[in-house]
Every structure is written in structure tokens, then in C-alpha cells.
2 protein chains.
Amino acid sequence: MPKEDAPEFVDTITIKDIAKALNLSTSTVSRALRDSYEINPETKRLVLDYAEKMHYRPNPIALSLKENRSQAIGVIVPEIANTYFSQAINGIEAAAYERGYHVVIFQSQESYEREVEKVEHLAARRVDGVLMSLSSHTFDIDHLKTLQDRGMPLVFFDRIPTSIETHKVVADNFGGAYRATLHLLESGRRRIAHITSQPGLSITKERLSGYLAALKEYNIDHDEQLVKFCTYTQEEVEANLDALFSLAAPPDGFMTASDRLALGYYGGLKKRHIRIPEDVAFVGFSNLNVAELLNPPMSSVVQPAFQMGHTAAGLLLDLIEKKEKFPEYRIERLSTELFIRESSCPNKH
Amino acid sequence: MPKEDAPEFVDTITIKDIAKALNLSTSTVSRALRDSYEINPETKRLVLDYAEKMHYRPNPIALSLKENRSQAIGVIVPEIANTYFSQAINGIEAAAYERGYHVVIFQSQESYEREVEKVEHLAARRVDGVLMSLSSHTFDIDHLKTLQDRGMPLVFFDRIPTSIETHKVVADNFGGAYRATLHLLESGRRRIAHITSQPGLSITKERLSGYLAALKEYNIDHDEQLVKFCTYTQEEVEANLDALFSLAAPPDGFMTASDRLALGYYGGLKKRHIRIPEDVAFVGFSNLNVAELLNPPMSSVVQPAFQMGHTAAGLLLDLIEKKEKFPEYRIERLSTELFIRESSCPNKH
DNA sequence: AACGTTATCGGGAACGTTCCCGATTCAGCG
DNA sequence: CGCTGAATCGGGAACGTTCCCGATAACGTT
């Protein structure tokens, strides 16, 4: 629907204006600006000086139209207001910046519909590639398959799908969960609850496996009542805590996935006056920079978020610039680190 | 530097392809797609069906080139990995989304040079408007003045400049600081340190005024040794704490601005085993969602970050769409809220 | 029968840039 | 002296879309 409002007259100068002013052709100006060898040095100077004086800036939109690329990569994350993702985005931005690309950030808000929508948008905007971390409600990934089939370079990080062939960057979720659980077991806990995200997500499965592997090491059977798959509402936190603590054998340890869940349950436990670490030991899977300042300081498995974003973006840019003839898709697994703090220490005194 | 690599063949269909396939002209197809009255309903159906079948999506880049606008607004914030800003961005995204705009996010990383660079980029990319929060090292704002002079709609939020006339959205920094300081005074503290950001920033000045106004209420003179202007390094935290606690009369209360500073000094105090609130009472100026889980729970002045982003984006879009003939620039001041928690309570027992 | 209307469509310019083809000049060569 | 070939520049198409201006036919009106 065309509006009748006049276009903004951001007094921007074009190559055509320069040509007219200097009595040259647009081709000559264009070549002078790109420092082509077939332009007289004097003419070059003339053009360059005038362009400088008039603050000429090439129009990237015209470029995009011509070259069919935008020098921009799209990023879709579940939410920005999450320590892990904002750190990862920092890494992405750094990598993109180093190689002359822009970053366009979208949020799926953990919603499948929003995600599909954002993917459509990015495709329409002709970004040169897409970096994704799946929403927790995404079970069907046809939208991403067709995106890739259409030739769009695609790289996943953190929350990756299993059924798409491309580069993927993940943290060592298995190892992190394994060591965290083992740590709880070593400190004498035997009823360890695992609070995690949607069962469909890759990270959920890997962390669950790590958790189970540690239990097996201690010959402890998998009690399904101790594993809670969560969305992110507060009511759910309460309901799950109710369920857990009305068990005949309530949990004496918590191993939670993600920043959000860790905080939600940390708060939930404190509200119920369940003491940490006396009553239950607690390890989060989190990138919070305030873990140490919490009450008590929270043990947690930390992912190399910045690094993950950086590598993911690097891989995507390689794909875009076809550094490799036959992209042998690989999966980068970056190691996690377990920080042990008071929340999981054996009772003091 | 043109590369010889073949352009991606994202098999995307254009209006020209449809025209060729249906033996029509591009004009007809274009009009059919826009549901023009002067196109035969049958032809319309034909075109629409074919377009649907072939997944036709208009090329926004071509549109941008023609209309000289991008349906996108640019946002420049000091950093994304900051609770306040990521919340504000959420608000911006929501408002933009409601009105059919995209959001392109850039970080200045608290650096003046980066900020100038990002502003240049946004101008070159022909965003339809810019939303800004100044970096802490930005003292000269000529880059923004010329941006505005060139006709780019511009709205500031949070960290606003004084010498540019446009819409601005801020929190009630004065009121927040005033109430926070008053609260500390009421609980008996008399040597209240104020830790704040760079003196050049608007928010710094306003919060300082609030702090001073509260002191005046209690007839307490302004002791400049108690006010620390900070950048954000850890060494600085230590140095400032050293200075403060080697005073003849060390502080018995802290009123800090920003998430970063609050956390830095909270941690610094704890590391020195200075007890909160016994030795010093503490109030932060922060949007941390974990304030309650800290040790001890941290009192803080909370800004309506989401709301601020939302209104700022709304004002910008009004400006872009020229809803108002003569934009009477105004400054929206949203109220802050003081949450009192244990960190500033009078000694218990 | 000549003309105005209406409905329906096509041609082509324009947005800013690059690039393929030429076109012109002029020095130097045989 | 005519030809080759650098050196230097211009014309115009193309990217995908919209829109102004016509063009054509089939009508209905006097």
C-alpha cells in the first residue's frame, strides 16, 4: 500500500551526482572510487576529493540488489535477555565484524510460530547466512530444511537439530552434566533431581545422558520422578517442586539446565525454606556472571558462550565465502567447566 | 573488491519470472499482486495462484532501493549483555514488530570510536530511524548531530545528550536516586557513598542530583570523597574501595548506579568481608532479575526497561511516519521503583 | 458514424551500482 | 604514413520493483 508521504530527503549523494558535478560518466566515477587502473590518476583525485568533500557513501542497498547479497548474517535465538545468548551474540558480533559482516538479530521468544516467521523474514531480507539456536517449542524443522535446500548457508549452535546436515557448535553438555552429577554423588547425595528443558532439544538429551551416566557409575537406577522437563513458567516451578517434595524419598540434590531454570528453582527452594546446601545440594547449568554473589554462591557448569558464538559465526562465514569446496559438515564440541561453590558443598562445620 | 565466486543461487522467483511464465507484463503482475482494481479478477487469480505455488516473496531490497527506506530501525546500545539493555531491546522489538518494522542491533561497547562507526553504518544502510543510548565515552556528539541534520529520525533513551533536540525517553533517575538515598538516611546511615558512571552522562548527573537532594534534606554536606565516577574495570573497583575505606570516616552506605557497578561493588565488599547490611547498607540501581537471590538480597532501584524501549521505539516510529506535522520534541520520564531488601535493612535482631 | 468511457494491459523509466562493450585519442612502430 | 595498442573514458544493460503514461479493445452515447 503506497503511502503519499514524501520520502525522507536524507541529502545523500550518489555516484550519479558526482558524475554530473564533475562532468564525467557514472562508470568513470564508479571505477575511480574503486581505484581501477584504467582511470587517470588526476581524474581519480578529482573524484576522490569531491566524494570526500560531499561525504559520499556507497548505497549498500543498491549493492545488495546487484550482487544479490547483503553482507549481513541473521541470528535467531530464543531470547536475548539471557546471559548465555547475549554472551554468544557478543562472540558472533566479534567474528562477523572481523570479516566485514553485519549481524541482524531476531528472537523467537521460544515460540515455534515466531521462529518460522523470523526465518521467512531473514530469507526475504536476503541475508547471506543464518545462525540459529532452536526455540524450545520447535519440533518440526521443515522451515529450516527448505531454507537450506534453497541454498542458504545455515549453522546451528547450542540447541541443534539432529536431522539437518550442516555445521553445528555445541558445548560438551554430556560431559558437563556428567561431572556435575558426579560431583553431587561424590558429596554424598543419592536422590538427585534433574531439572531440564523440553525433551525434544538436543541439549536436553545430552545433559540427561550425562546425568544418567553418572548415576550408573554409582549403580543408581533412573527414577523418572526425579527428572522434570520444563517450560519456563513460574507456576510450573511450583508444581514441580510440590511433586518432588511430596515423594516418599524427596531429592537431596539438584542438577538444573539453563540459566532460567537454575534461577527459578533456586528461588523456589529458598521460598520454601529448603536450605542449600544443607537440605539439597545444587548445581546449575548456567552462564550467570553473578553465580558467585548468590545466596549461597551457586555451583554451576559454565559454557564458553562467547567462544561458541565466535566459532559458529566463523563456520557460517566460511560456508558463505565457500572457503571449502565440499563443505564437510562438522560438529564442534566445546568443553564446559564446572565451578564448585557453596551451593553444592558438603555441610560445613 | 569483486570476487569471482558465483552468487548464491537461492532459487528465488521474481515478478519477472511470473510475468514470463504467464505471458504477462511485469506491471500487470505487480498490480495483480497488490490487488489493484484495474486488473481482471481472473488474471489476478492466475497470478496469485502461480505466485503462491512458486513461493514468491517480494524482494525487500529492491523495494528499499526504490522507496529509499528499509522498514528497519537501528538500535545502538553500549552492550547487549546487560540486563537493562536487553530488556529495553525486548521492548523496542515488540513496538517495532507491532508496526511492521525490523530491528537491527549494534553495540558500541562503551567506546566512542565504535559508536561513531556504528552510526556511520546505520546511515549507510539506510535504516529509517535510529534509537540510541550513548556510550560512556561519548563526549562529542557531532556524529549524531550531523546524522540528524541529514534528516535521520533519531530518538534517545536512557543515556541521552543534552544538546540535541529530539524525543528522549528516560527513567526518573533523580527520583530513584533521591528515594534510594533517603531510604539509607532514614535507616540511620550518614556516610553514604555514591558510585556512579562517567560524569558526562545525563543519567550520572540526574542521579547525582537526586543523591545530593536527599543529603541536603538531612543537612549533610556533599563530601566529594564519597562520590566515585567509574568506568567498568575491576581494578578500579578495588582502587575506589581502598580509597573509601581508608577515609577517616569510611562509608556506612552505598548507592550505586547501573547493574555493572552494583555487582562489581557488591562483590568487592564481600571479598573484603565488609558485611552487608551490618557494616554498610547497599542500594543498587539495577534491573537484575536475580537481585532477590543475592547474598544478601539486594535493594535496588528498578527502571521500567521494557517500557522505556517500547515508548522510545514508538516515538521513533511516529517520527518516521510523520504522524505529527511539527514534531514537538518531548522528553518522556518514566517512573522508577525502589525495592527494599535485606541489603539496606537496619541491623536485624 | 464518430466519439467518449471503461476495463484491462504493456512499455519503459527510475532507484544506485557495477561491468561488459565499445569509443576516442595519441604515441610509437615498421 | 597507416596501423597497433595503450590509456582513458562513456553508453547502457542489469539487479527487482513500482508507477506513470499510453495503448487497445469493447462498449455506450449522441
Side-chain angles (χ1 to χ4, degrees), chain A residues 1-47 51 54-71 123-126, chain B residues 1-47 51 54-71 123-126:
Chain A
M1 47 216 72
K3 296 276 179 57
E4 73 286 8
D5 50 13
E8 304 296 330
F9 28 79
V10 186
D11 91 286
T12 174
I13 191 171
T14 82
I15 240 177
K16 219 177 278 185
D17 299 327
I18 302 183
K20 205 166 296 173
L22 264 42
N23 229 350
L24 290 170
S25 80
T26 59
S27 346
T28 306
V29 175
S30 170
R31 272 175 296 215
L33 290 172
R34 334 209 104 248
D35 200 29
S36 159
Y37 70 97
E38 46 179 344
I39 296 294
N40 190 325
E42 287 182 34
T43 315
K44 269 185 201 169
R45 271 262 59 81
L46 213 61
V47 172
M54 303 303 275
H55 294 107
Y56 167 77
R57 292 285 177 279
N59 184 329
I61 297 178
L63 261 300
S64 291
L65 182 59
K66 195 150 198 342
E67 313 262 316
N68 205 33
R69 65 213 190 101
S70 52
Q71 287 285 72
R125 286 216 67 180
R126 305 291 196 276
Chain B
M1 43 216 70
K3 296 277 179 59
E4 72 287 8
D5 51 13
E8 305 296 329
F9 29 80
V10 187
D11 91 287
T12 174
I13 192 172
T14 83
I15 239 177
K16 218 177 279 184
D17 298 327
I18 302 183
K20 204 165 297 173
L22 265 41
N23 230 348
L24 291 170
S25 79
T26 59
S27 346
T28 305
V29 174
S30 171
R31 272 174 296 213
L33 290 172
R34 334 207 105 248
D35 201 28
S36 158
Y37 70 98
E38 46 179 347
I39 296 295
N40 189 324
E42 289 182 33
T43 315
K44 267 186 203 170
R45 270 262 59 80
L46 214 62
V47 172
M54 304 302 278
H55 295 105
Y56 169 78
R57 293 285 177 278
N59 184 331
I61 297 179
L63 261 299
S64 292
L65 182 58
K66 194 150 202 344
E67 313 263 316
N68 205 31
R69 64 210 192 103
S70 54
Q71 287 285 77
R125 285 218 67 177
R126 306 292 196 276

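In the text below, chain A, chain B and the rest are named by the order of the sequence lines, each starting its count at 1. Because the structure is a prediction, the values reported are computed rather than measured.
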Could you state the [atom1]-[atom2] distance from [X] to [N], rounded to the nearest angstrom?
| X | N | atom1 | atom2 | result |
| --- | --- | --- | --- | --- |
| A:D17 | C:dG16 | CG | P | 8 Å |
| A:N68 | C:dG16 | CG | P | 20 Å |
| B:R31 | C:dA7 | CZ | P | 15 Å |
| B:K66 | C:dG12 | NZ | P | 17 Å |
| B:I61 | D:dT17 | CD1 | C1' | 12 Å |
| B:L46 | C:dC9 | CG | C1' | 14 Å |
| B:E38 | D:dC21 | CD | C1' | 11 Å |
| B:L33 | D:dG16 | CG | C1' | 12 Å |

Rounded at 0.5 Å granularity, tell me how far CZ in A:R125 sits from OG in B:S70. 6.5 Å

For [N], does OP1 or OP2 lie under 4.0 Å from any side-chain N or O of [X]?
| X | N | result |
| --- | --- | --- |
| B:Y37 | C:dC9 | no |
| B:T43 | C:dC9 | yes |
| B:S27 | C:dC9 | no |
| B:R34 | D:dT18 | yes |
| A:K16 | C:dA14 | no |
| A:S25 | D:dG10 | yes |

Does the side chain of A:R126 reach to within under 4.5 Å of the side chain of B:T12, using non-hydrogen atoms? yes

Do the side chains of A:E42 and A:K44 get nearer than 4.5 Å, heavy atoms only? no

When the nearest nucleotide of DNA chain C is assigned to B:T26 and to B:I39 on a heavy-atom basis, which residue is associated with the more 5' position? B:I39

In terms of the nearest nucleotide of DNA chain C, which residue is placed more toward the 5' end: B:N40 or B:A62? B:N40

Mind checking A:L63 for me? I need base, sugar-phosphate or nothing, with any heavy atom below 4.0 Å counting as a touch. sugar-phosphate

Applying a 4.0 Å non-hydrogen cut-off, can you work out what B:S30 is touching in the nucleic acid: base, sugar-phosphate, or nothing? base

State whether a side-chain donor-acceptor pair under 3.5 Å links B:T28 with B:S25. yes

Looking only at side-chain atoms of B:L24, point me to the closest of D:dT8, D:dG16, C:dG10. C:dG10

When you measure from the side chain of B:S64 to the backbone N and O of B:P60, does any donor-acceptor pair fall under 3.5 Å? yes

